[in-house]
Structure formats: C-alpha cells, structure tokens
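In this text, all values refer to a predicted model and were calculated from it rather than measured experimentally. Convention: sequence-line order gives letters A, B, ...; per-chain numbering from 1.
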2 protein chains.
Amino acid sequence: MPPVRSPAPDPVTRAPVPLDACALARAIDVIGDAWTLLILREALCGVERFDAMQADLGIPRSVLAARLARMVEQGLLERRTYRDPGRRGRPAYRLTEKGRGLVPALAALRQWSRTHLAHGPSLLSLVDHDGVCVETRLVRADGQAVEDLTAIRARAGPPVG
Amino acid sequence: MPPVRSPAPDPVTRAPVPLDACALARAIDVIGDAWTLLILREALCGVERFDAMQADLGIPRSVLAARLARMVEQGLLERRTYRDPGRRGRPAYRLTEKGRGLVPALAALRQWSRTHLAHGPSLLSLVDHDGVCVETRLVRADGQAVEDLTAIRARAGPPVG
DNA sequence: CAGTATCCCAAGCGATACTG
DNA sequence: CAGTATCGCTTGGGATACTG
C-alpha cells in the first residue's frame with residue numbers, strides 16, 4: 001500500500017491525475033487494505049470487542065491492535081469504554097458517522113460480488129432498520145439513472161455538469 | 001490480505017458470519033489491495049499501457065506486472081494486442097464488463113472521500129458519456145431512499161425483504 | 001515499450017506467552 | 001477480556017538493472 005503522493009521526482013510530462021489530488025486515491029489510502037474493510041464489516045455486524053473480531057477474522061492479535069488504533073485515529077471507529085452494571089469496564093469499538101459513511105461503498109461492493117463473483121449465496125445482508133435490504137444505484141447529477149456503465153469515464157477536472 | 005476462508009479449525013460457538021460465505025468478504029479478497037484499486041482508476045481514465053500506468057502510479061514494475069496478470073486472470077481487465085497501422089503490436093489493458101461493474105463502488109468511495117476526507121478538491125470525476133457527473137444513491141429494496149445511515153446494519157442471512 | 005531478474009528490506013503472519 | 005511482547009518465517013514491496 002503506497003502512501004498517497006505524487007510518484008515522481010520530476011514533475012514533467014505525465015501523471016494526468018496525480019495521486020495526491022484525487023479523492024478516490026485518498027479513499028484508497030484509507031481503506032485499500034483487506035483487514036480494514038473486514039474490520040468495518042465486523043463493526044457493521046455489531047461486533048465491537050477485540051477478542052470477538054480476532055476470532056471471527058482469524059487475524060493476528062498484533063495486527064488487529066494496530067489496525068484498530070489506526071482506524072480510531074482516522075475517525076472510522078471510536079473506542080468507548082462500555083461498562084456493564086457492576087462489571088469491569090471494557091473497550092468497545094463503534095462505527096463513527098465517518099465510518100458509516102462507507103456503507104454505500106460496501107453495499108456496492110457486495111452487489112458487485114453477487115453479480116460478478118457469485119460463489120454461492122451471501123450469508124450477510126445490509127438492511128435498514130426494519131430489515132429491508134439496501135442497495136446502491138448509480139445516477140447522474142441531473143437525476144437520471146445510469147443505464148450503461150460502459151459510458152462511464154474518469155475525467156480530469158473537478159465535477160462540473 | 002488474508003485468503004477468504006473460515007478462520008477457525010473448530011466450527012463451534014463463534015463467527016456469526018464466516019468469511020467464505022460472505023459476498024462482501026469475497027469482493028474484498030479481489031479488490032482489498034491498494035494497487036488493484038489504483039490500477040482500476042488508471043483503466044477508468046483510459047490509461048491502458050504498462051509504462052503509462054507505471055509512471056502514473058510510481059509502482060514497481062514487477063509489482064505492476066503481477067497485479068495486471070492477476071487482474072486479467074480475475075477478469076477485471078482484458079489484455080488485447082493493439083496494433084497501430086504499420087507499427088509493432090503493443091499490449092493494451094482494457095476494463096472488462098466485470099471490471100466496469102466496480103464503477104459504483106469507486107463512485108461511492110470517491111463521494112465518501114469528498115465528504116469525509118476533503119483534503120482539497122478532487123481533480124478526477126466520474127462522468128457519463130456526455131460529461132455529466134455520476135454518483136451513487138443508497139436505496140431500499142422497496143425503492144425508498146435511505147435517509148439515515150445510522151439505521152443500516154449487516155445481518156446474517158440471505159437477502160429477504 | 002513491456003516486461004524479467006535480482007536483491008534487500010519492511011511488514012505481515014502464526015504461535016505462544018505474559019500482564020492488568 | 002484486551003491487549004503487549006517476542007520470535008522465526010514467509011511474503012510482498014521498492015529500487016535498479018537488464019532483455020526482446
């Protein structure tokens with residue numbers, strides 16, 4: 001995972017879209033890592049304890065500790081101390097609003113997986129408060145639904161139309 | 001990046017959502033890697049040559065070669081030999097339909113970056129054929145727009161409502 | 001151009017153990 | 001339960017150079 005910065009010492013003749021000026025690249029810098037995404041999944045499932053995550057994911061404890069720390073630092077998770085009445089306080093990792101903001105991306109990934117990977121059924125769904133599944137739609141800024149992905153391009157320059 | 005499989009030897013008492021039965025986890029297995037996503041970005045920008053990607057991303061050549069091979073194998077890219085009239089044929093990497101299917105996920109990531117990271121302006125936009133920006137919307141299966149991300153949960157079990 | 005080949009180093013992993 | 005500590009091993013990344 002490369003840190004986000006322009007790659008070259010010489011600034012000339014290339015990189016139509018330098019990495020450090022690209023929103024997508026900056027997002028990738030945060031979540032472009034398998035464990036981070038999987039931890040997000042855990043949090044979305046309501047798993048908020050260190051040992052539970054460690055057991056679910058089979059991740060080395062040291063790595064989990066490091067990832068959680070980074071995610072807290074980045075503001076994706078918040079670490080609060082949860083205290084059952086009469087019990088010792090225990091840390092709990094909860095999604096922040098910023099972390100929840102990634103739900104659409106996760107939903108889109110899940111949909112893609114189901115249509116293009118399809119190794120059997122998914123045992124995990126993203127649902128609204130009343131249990132209804134949610135999914136993403138791609139729409140144009142003018143409100144029209146996008147019907148043909150083939151037409152989509154990335155273009156240099158800030159959002160216009 | 002862990003291979004997608006259930007973590008534990010013993011199947012008892014835990015892992016409410018085993019990794020190998022989760023569509024999201026399978027997607028993460030494919031794109032849970034910074035370089036892969038960045039290469040996808042390049043492809044979306046229309047960059048299709050080895051050296052151009054290498055220069056844009058500052059990725060080691062060996063790593064790029066390996067990633068491209070894997071992405072072709074996974075069906076995200078296709079390698080076609082492009083021949084200018086009278087010139088030597090050169091390989092070109094193009095997005096497949098499967099690869100394009102990730103556009104909504106990339107769009108969602110980009111939006112998240114702009115609202116929650118916001119280190120300055122984005123120099124890259126995803127646009128439709130006529131230059132209009134596209135974005136993702138989160139909607140319920142019954143068609144209603146999702147207004148409150150806080151209510152979204154991951155739930156075990158296949159999609160129902 | 002489009003890659004291989006090489007070499008080195010940092011990071012990840014797995015196991016296990018120890019502390020508060 | 002929630003970590004930190006240690007350790008050996010393996011993988012992958014980064015830099016550079018070489019080849020068709």
Please say which of Val63(A), Leu64(A), Leu57(A) ends up in a side chain to side chain contact (heavy atoms under 4.5 Å, CB included) with Pro60(A). Val63(A)
Rounding to an integer number of Å, can you tell me how far [X] [atom1] sits from [N] [atom2]?
| X | N | atom1 | atom2 | answer |
| --- | --- | --- | --- | --- |
| Leu64(B) | dG13(D) | CG | P | 11 Å |
| Ile59(A) | dA15(C) | CD1 | C1' | 15 Å |
| Asp33(B) | dA11(C) | CG | C1' | 14 Å |
| Arg70(B) | dT11(D) | CZ | P | 16 Å |

Set out, in order, the CA-CA distance, both residues' side-chain angles and the distance that settles side chain to side chain contact (heavy atoms under 4.5 Å, CB included) for Val30(A) and Gln74(A), then state yes or no. CA-CA 8 Å; Val30(A) 175; Gln74(A) 290 170 329; 3.7 Å; yes
Listed partners of [X] passing side-chain contact (heavy atoms from CB on, under 4.5 Å), at least two apart:
| X | result |
| --- | --- |
| Thr115(A) | none |
| Arg90(B) | Arg49(B) |
| Glu48(B) | Ala92(B), Arg94(B) |
| Ala108(A) | Thr136(A), Pro104(B), Ala105(B) |

Can you give the dot-bracket line for DNA chain D, using ( ) for pairs inside the strand, [ ] for pairs that cross earlier ones, | for pairs with another strand and . for unpaired bases, where Watson-Crick and G-U count if both distances are under 3.5 Å? ||||||||||||||||||||
Under 4.0 Å between any heavy atoms, over every strand shown, what does Ser62(B) touch: base, sugar-phosphate, or nothing? Just pick one. base
Determine whether more than 12 heavy atoms belonging to other residues, nucleotides or ligands lie under 6.0 Å from atom CZ of Arg153(B). no
Which heavy atom of Leu124(A) sits nearest to which heavy atom of Arg110(A), and what is that distance? O-NE, 2.7 Å
Is the distance from OP1 or OP2 of dG14(D) to the nearest side-chain N or O of Trp35(B) less than 4.0 Å? yes
What protein N or O atoms touch nucleotides 1-3 of chain C N or O atoms at under 3.5 angstrom, if any, and at what distances?
from   : atom 1 : to       : atom 2 : distance (Å)
dA2(C) : OP1    : Arg49(B) : NE     : 3.3
dA2(C) : OP2    : Phe50(B) : N      : 3.3
dA2(C) : OP2    : Asp51(B) : N      : 3.0
dA2(C) : N7     : Arg61(B) : NH2    : 3.0
dG3(C) : OP1    : Arg79(B) : NH1    : 2.6
dG3(C) : OP2    : Tyr93(B) : OH     : 2.8
dG3(C) : N7     : Arg61(B) : NE     : 2.8
dG3(C) : N7     : Arg61(B) : NH2    : 2.7
dG3(C) : O6     : Arg61(B) : NE     : 3.2

